[in-house]
Each structure stands twice: as structure tokens, then as C-alpha cells.
Amino acid sequence: MSSEIPKKERLDRQIMALRVAKEFKDGNVVNLGIGIPGLAANFVPAGREVIFHSENGVLGYGEITLPGEGDLDLVNAGGQTVKRAPGMCFFSHDESFSIVRGGHLDISVMGAYQVSEKGDLANYMVPERQVGTIGGAMDLAFGAKKLIIVMNHTTKEGDYRIVKKCHYHLTAPKCVDLIITDIAVIEVTKKGLVLKEVAPGWTPEDVQKLTEPKLIVAPHCREIELM
Amino acid sequence: MSSEIPKKERLDRQIMALRVAKEFKDGNVVNLGIGIPGLAANFVPAGREVIFHSENGVLGYGEITLPGEGDLDLVNAGGQTVKRAPGMCFFSHDESFSIVRGGHLDISVMGAYQVSEKGDLANYMVPERQVGTIGGAMDLAFGAKKLIIVMNHTTKEGDYRIVKKCHYHLTAPKCVDLIITDIAVIEVTKKGLVLKEVAPGWTPEDVQKLTEPKLIVAPHCREIELM
Amino acid sequence: MPVNKIVASFDEAVADIQDGAVIMVGGFGTVVSMPSCLLEALDRKGVKNLTTVSNSSGFGADVWRMQGAKFPEDMDILVRNGRIKKAIVSAPVSAMYVNNFEKLLRAGKVEIEMVPQGTLAERVRAAKAGIGGFYVPVGIGTVIEEGKEKKVIDGREYLLELPIKADFALIHAYKGDRWGNLIYRGTSRTFNPTMAGAARVTIAEVDEIVELGELDPEAIVTPGVYVDRVVARPRECPAP
Amino acid sequence: MPVNKIVASFDEAVADIQDGAVIMVGGFGTVVSMPSCLLEALDRKGVKNLTTVSNSSGFGADVWRMQGAKFPEDMDILVRNGRIKKAIVSAPVSAMYVNNFEKLLRAGKVEIEMVPQGTLAERVRAAKAGIGGFYVPVGIGTVIEEGKEKKVIDGREYLLELPIKADFALIHAYKGDRWGNLIYRGTSRTFNPTMAGAARVTIAEVDEIVELGELDPEAIVTPGVYVDRVVARPRECPAP
């Protein structure tokens, strides 16, 4: 439990998704998990062409439609209907995970319950329910070239989510590359967790208070760029 | 070397292919090797619907075209152009061998240099050249539900091809179910080789002279039915 | 005789599925990707002690009816009627709400083998393709590795995963012909072509049966060789 | 910037293939299924000591020219010009006549690893799909089992086969777009989609480049994610 929680304003879901989308480079093939990751599709920087993969067998789909307006045979892995787009294609589940496991995804973005300082990920077992759903998370965590976790920095109760050692069931060990939270952007490196950006109004010291392992503050640590 | 070779007339390639085709049941999925096996496609008994598979990625193709008249993008594994036919479909090489290895072929027909009394098959290493081509033969020999070998009963020099033990490199052990030759039809059983049919004018004794292992003459051994 | 894999009714299509059978069920999460009418028929038949192989464990017909689904049954029909002894599944529960499967699980009334989704797809494919087993890195360092053989290949650690063999595969496709050739529609492809041919008997529920030759040979996804029976959904809504 | 995998020339497409590279070459037996122009460009570049992965070792351009092939080069162009150190191949020689590969083989001028065709396809796919190795029955009791690990699974004996990892895959498709989505034509599909994505860099030679969105999403065989470069064959015959 982190003592003395700063009462500063945190980024909302939309802004976190926007920050995630800044990681997408031209031509990247990206898989977006359910929740905040999914919102990132709406914030691809202007002029960049990003190709979205969904594990239910589609590459290159368009925007999420308004509820009730889409084709039910054209959904992302979260079951939201998406738009047809030029270049899109469909494939079977084994092919979809040949893409995932085979290292053909540039970026996978998902949520988490906990991330350790070594980049271990715990995100499938709902802690309070002692049941969980692995789904595609393990394959994605093992297979993607770059794994970005987007989550609130702490639990509702103020507990650490960035921890020395995960105490929930692991999805995969040493797999996380970048953590984007509602107060910080942290890179997982061999030397440890490197704090690269902080939310407006937050200091590296504030972020450290809400983070169990010791953070290395990057020489050029700066405020999260949101535009 | 078999002594005292009977000088009776043997079946020609067309007739052997016709006899092979009698094995095809309604709805069978059949892979035909290069040579005599390929000819069997022309002799499917009237009224039977047989679906031909070729390992280069096609199911349900039609007849072999006249040379020079076909579409070069529609060939069987021997490179002969074949006709389009309703129900035909194309697939990749990995899918093609998922069909083969996975046991989805009812019948595979191929040639051989030697077959042993246990059903061992030797058909890829050209004996006199000491080089060979495995191609799809091993996968087919291991994967097909029923493997039919069609070949001349003896070599040009009169040597046995149905032998106690193959001395050429094996394609697969214990894989042959039925041997159709220019003088006989022989089933490979756990008890040994069972002579079921003989060519017109041939006796079981004649066939035995040209066969190294001891043949079990079937109670109802009869002349090969050709119509 | 012309090959004819078309059967007249869903009840006939599942008539030989017995108690204790291992059943693959295609589709992903949304009901439109699933063989709803086959699931209904199987439930009607009253089989017990099934082992099921599927991506998810169902949301229940009510959820899908609210969304206007014409054929609303998913895996939940087998779950809520107590037909499942063991589920081999990737996404058994929902983060959003407690489904019937979770209730059975908590009550100790169903066994579960949870499998990472890609490994599930590959294990199903292995059964179809005659692969005796295969090595994947997925699951190393997690609960998935428990009881499995590990092997270092080319400097990386892998787990041995085995094929999942089943008696029946129930799948859903868009169109099919009398040879069993199938095409799908959009993202409703998912596990359906993966499971086609992976069981001893594959039964395809299709929206429409077409004449042999109508499907484009370049666009057929499932070659008929993998399919044993084809049964068409009714054109009109069944009575509720 | 829009994704654009289209490169202007065959020479540019193969410019970074170095001596000693491991090269997959798609197609089967007939030249129309093969990336002829890429093979020509690779030969022009003068690379040496290649390890090649292909179904066959070629018949030679003369054979195909007689049949009227517009783009007649097959694997033989690399064989006859001594560019191959080792061939991983399923059908290296012909029962009908002695090809150039057989001559090199007899002269001890090339190494060979002969692989059953289905195992070759599966080993290539394994590289693409991140599979560390897999077990097949094919080859048990034959020379293929030499030096390989055996394992009994579920009462049957299997051989461990490993993925074939390559630097480049040269493939041929019918049509492609700027994302690298590909379709094929008839039986010229074969090893081409199997190899797409199995190497570090996949280069597709296509008959025609089409606008993004022109290919039917239901009929795309190779998703663009597997393809790095697309180069179109000239519409007119090249000068002989």
C-alpha cells in the first residue's frame, strides 16, 4: 500500500488512449485489447497509416461503428462492430495466431492488473473472483514485438499495480516493454523501470510514491505530450 | 531372380489403371501419383463420383486435357493440365499436406520399385542412379487410409518386385494395402500376401513363380474383372 | 451416386452424438459465428457428460435476443442445462459479468482446462493435420506449464502441446455445397475452419446451401474433404 | 505516410540478399508457379553460397521456353550458375531425365537435405507461426529418421522436426496490393502462401498490382502482414 497518495488530477481513459496511439508508427500492425486499448484506434496520428489486427481473424479493419449500426459479422475481438476498410482481410483462428505467435505483430496493447519491475505481466485472473479468462492475452504477450500496457497506475484502493513482483497469476514473464498509466509513461529496460514522462502537474517524486519498485528517472523525463 | 518366367500375356498400362479405378467408391477422395496411377482418373466407374486430390493444392479437378490445351495454372502433381470442374477448390501446400498427413485421403495410388510381404514400400530412390526424389510419396504413404500400389509384377530383367524384404531405401514401412500388377491383385494382410485375382490366362502358380514371398491364395481367387 | 453430405434436419445431423462425447464447437464470442441450431438440437437430444472444446463458454440466448439475433443460442445452452462434464476453453468467463459457466465452476460442477487461445487453435489444427504434438513458447513461466514437458530449442524454452482429438466438430459457415465446401462471412470465420476436419465427424451449419460449382474455387476456405455433414438454417425465424 | 511495399524493380527487390543467405523459393514444379523474375535478378546479382529451400531443383528455362513460358526461369538458374551451396528440397531430381542439380550432386558440388514434401511445408509453416518444433509420423523407419529425436505419443511413434528459418522468401502471386495482400491463381498457389511470412523478409513477384481495396477481403489468401516487398512482372515480354 502506498502511503500519502498525491491528490493531483489524473489522465482520463480517452487521453491515455491518445498517448498509446502516439506509439504507432507508419505501417505498424497493431493488436488492441478490450477497453482503453481499443479506444486508441480513434487517435492514430494524422497522416499515419496503421493496420489493426484482431485475434478473431481480421487485419486492416476500420473505425468502430456506433452501437447497433454495424454488421455483426464484422467485429473486433471485443465484439464491437467495426467498419469495412480498403485492404482489410479475414482469416481463420489458426492463421490469426500464426500472425501473433510468429512475431508478425509490431505492437500489442492490453490492460493489466499488475506489472513487475522485470516486465512480468499479470492480467488474466480477476483477483477478487479467483477465476479468469486467458483468451488471447498469453499468445499476444509472448508473440508481439512490442507490448504496451495501459492501465491506471494504482488500484481503486490505492494499491500499487507496478510492483516488485506480481502476486497474481502471470500472463507472461518479462514481456512488457512500455507502461502507459494515468500519471506516467514508463519503459521497462534491463536496468529497471525508466520513468520517461509524467502527467501534467505530476513530478517524478509523485509517481515514485505510487510505484513499488525504484524508478530510474530518464535524463529527459518530461510532461506527457498530448497533442 | 525368378526362374522359369511364364510367357503369358500381361495387362497393359491402361488395363491396370482400369483395375485400379474399380477400387474407387462413391465419394472417395483419391490422390493419384504420376504414371499409371494418373491414368486411373479416366476409368472411374460410371455413376460413381470420386474427388481427386493433388498435392500441389487442388481437390475435385476434372479430366486431364490434351497436351497444350489446358490452363498452365491448373495442373496435377505431374504437371499435366486438367479441366476445371464444379466443386473444385485450391489451397496452399501446408493445407494440402494437412489433408494428406491428417488422414483425410481415402485412397492414395502410386507406383513402386519394390513392395515387401509386410507391405513395406520402396519407391523413391531410383535404384540404378543412386539418387531419388521423395516428393510427396512419404507423406502419402504414411497418411492415406488406403494405399494402393500399381506396378509391373517384375522388373524388365525379370527380377522380383514383390519381395521378402525391400533392399532399396524405404518410403514407408508397413503401409501398402493392395498391390495391383500386370498379372495379379494382391492384398497385404497381417497373415501375409493374399492373392485375390489373376490376369486372364494366369494361374496362382504362375504368379507365385514371379513373387518371392509365399502367396496365400484366396478361397475365391478369380480372374481380374475388367469390365 | 453423387456425393451428398446435405442432411435434412439439425436433429438428424446430431443423431449419433452420444453421452460422453468430445465435441468441438466453432465460433468466437458473438453468436453469429456459432452453430446455434446444432447446439439447440444437441441440447434437445439430452446428451450428458460432454467434453467441449470451444473458445468461450457463452453469454446466453437472452443477451443475443436483445441484440436481435435470429439464432440466439451459444455455448450457454449446454452449460445451463448441465450437459458439460469438462470444458477445454480459452475464454470461459467474462470480466463484465458472471456467466452460467462461472457459477458451475464455482460450484465445482464442471471441470475446466483453460488453454491460451492461440495454443487452442494450434492444438485443434494439429489434430486435423496429423501432427503428434508441437512446441510453443506460450505459457512458459505461467500456470500453463504445469505438468508439461519443456524443451530448449535453438536457445529458447518451449512447452510441448498435444493435439485435441474430438468425436464431433460443430461449426457454422455462411454457404456450403453438397461436397461440404464452405465459405464464411467476415469475422465469423474464427475457429470454424480451424475445427473443420479436426474431429472424427464434422457437421457444418450453414446459412445457405448452394449448387456445386457456385462457390469460387479460389475463395473456398474449407475444402469439402474436411466436412461430413451440411445442414441449412431455416430461412424464416423459428417459432420462439 | 501510406504503407507502400511496392518496389520498382526486381534488382531493387533483391538488392540486400547477400552471399551465404538462406532463401526460400515458392512454387512447385511448373514454372508458372515460381518467382522467375526474382530468380533472374538474384542470379544477376551474382550471389554465392546460398542455402535454398524449395520443392524442386528446376528443369531449366529451355524446357519452359519450349512450352511458351513468358518468364521461363526456375531454380535451375541458381543451380547451373553454381550459386547454391546447400539445397533443402523435396523433389531434387526427375525420374524422367538428369537435371543440372543431379549433375552437381553426383560431382559432389552441392549439399542436399532431402525432406518429405509435407514435412517441408510444415517446417516452413512452423517458422512463420512461431512453432519451435513438431512431431510427425512421416519418415519413421526410413532414412529420414536418422539423427532425429523420436517420441511415442498416444501409442504412435513420431519424429521431431524443426522449423526452417530463412533470410528471404521469394514467392510468386497473381495479384497484390501496396499492403502486400496477395491472391494466387489455381494450382500456382502451392508453396507460395506457405512461405509468405516464414522468412525474415518476404518478397512477392506478382502478375499485377491492384489498388488497395480491389482484392476481395474474403478471398485474400496471404494477409499483407506476411509480405515485405511487392514487385510486378513486366506486362510485355522482356527482350530475350
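The sequence lines fix the lettering, A, B, ..., with proteins before strands; numbering per chain opens at 1.
With a threshold of 4.5 angstrom between heavy atoms, D:I140 approaches chain B through its backbone and through its side chain. Looking at B:Y61, neither its backbone nor its side chain comes within 4.5 Å of chain D, counting heavy atoms on both sides. Within the 4.5 angstrom heavy-atom criterion, atoms from both the backbone and the side chain of D:T190 approach chain B. In this structure, chain D has heavy atoms under 4.5 Å from both the backbone and the side chain of B:S92. For B:A77, the parts lying under 4.5 angstrom from a heavy atom of chain D are both the backbone and the side chain.
In this structure, OG1 on D:T119 lies 9.0 Å from CE on B:M138, to the nearest 0.5 angstrom. If you take CD1 on D:I144 and NE2 on B:H169, they are separated by 10.0 Å, rounding to the nearest 0.5 Å. For the atom pair CG (B:D73) and CG (D:D207), the distance works out to 7.5 Å, reported to the nearest 0.5 Å. Note that CD of D:E102 and OG1 of B:T133 are 8.5 Å apart. Values are rounded to the nearest 0.5 Å. To the nearest 0.5 Å, atom CZ of residue D:R189 and atom CD of residue B:E95 are 9.5 Å apart. Distance check, rounded to the nearest 0.5 Å: CG of B:D139 to CD of D:E122 gives 10.0 Å.
B:R101 contributes no side-chain N or O that, together with a main-chain N or O of D:V136, makes up a donor-acceptor pair within less than 3.5 Å. Put simply, the side chain of D:T187 never gets that close to the backbone of B:G57: no donor and acceptor are under 3.5 Å apart.
In terms of non-hydrogen atom pairs under 4.5 Å with chain D, the most contact-rich of B:V100, B:D71, B:T171 is B:D71. Counting heavy-atom pairs under 4.5 Å between each of D:G29, D:G139, D:A69 and chain B puts D:G139 at the top. Highest contact tally toward chain B, considering only D:P137, D:S56, D:P193, is held by D:P137 [criterion: heavy-atom pairs under 4.5 Å]. Between chain B and the residues D:R106, D:M195, D:R125, D:Q67, the largest count of heavy-atom pairs under 4.5 Å involves D:R106.
Heavy atoms of other residues, nucleotides or ligands lying less than 6.0 angstrom from CD of D:E149 number more than 12. The local environment of NZ in B:K174 is sparse, with at most 12 non-hydrogen atoms from other residues, nucleotides or ligands closer than 6.0 Å. Within a 6.0 Å radius of NZ in D:K165, no more than 12 heavy atoms belonging to other residues, nucleotides or ligands are found. No more than 12 heavy atoms of other residues, nucleotides or ligands shown are found within 6.0 angstrom of NZ on B:K165. The environment of CD in D:E208 is crowded: more than 12 heavy-atom neighbours from other residues, nucleotides or ligands sit within 6.0 Å. Environment of NZ in D:K151: crowded, with over 12 heavy atoms of neighbouring residues, nucleotides or ligands closer than 6.0 Å. Within a 6.0 Å sphere centred on NZ of B:K25, other residues, nucleotides and ligands contribute more than 12 heavy atoms.
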**OP:** Take B:V131 and D:L105 through the side chain to side chain contact (heavy atoms under 4.5 Å, CB included) test and state the conclusion after the steps.
**Re:** CA-CA 9 Å; B:V131 295; D:L105 199 59; 4.1 Å; yes
**OP:** Would you sort out whether B:F97 and D:T194 count as a side chain to side chain contact (heavy atoms under 4.5 Å, CB included), showing the intermediate values?
**Re:** CA-CA 11 Å; B:F97 280 87; D:T194 304; over 6 Å; no
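D:T142 has its side chain out of reach of B:Y124: every pair of non-hydrogen atoms, C-beta onward, lies at least 4.5 Å apart.
A tilted orientation is assigned to the rings of B:H93 and D:F28, their planes being inclined by 30° to 60°.
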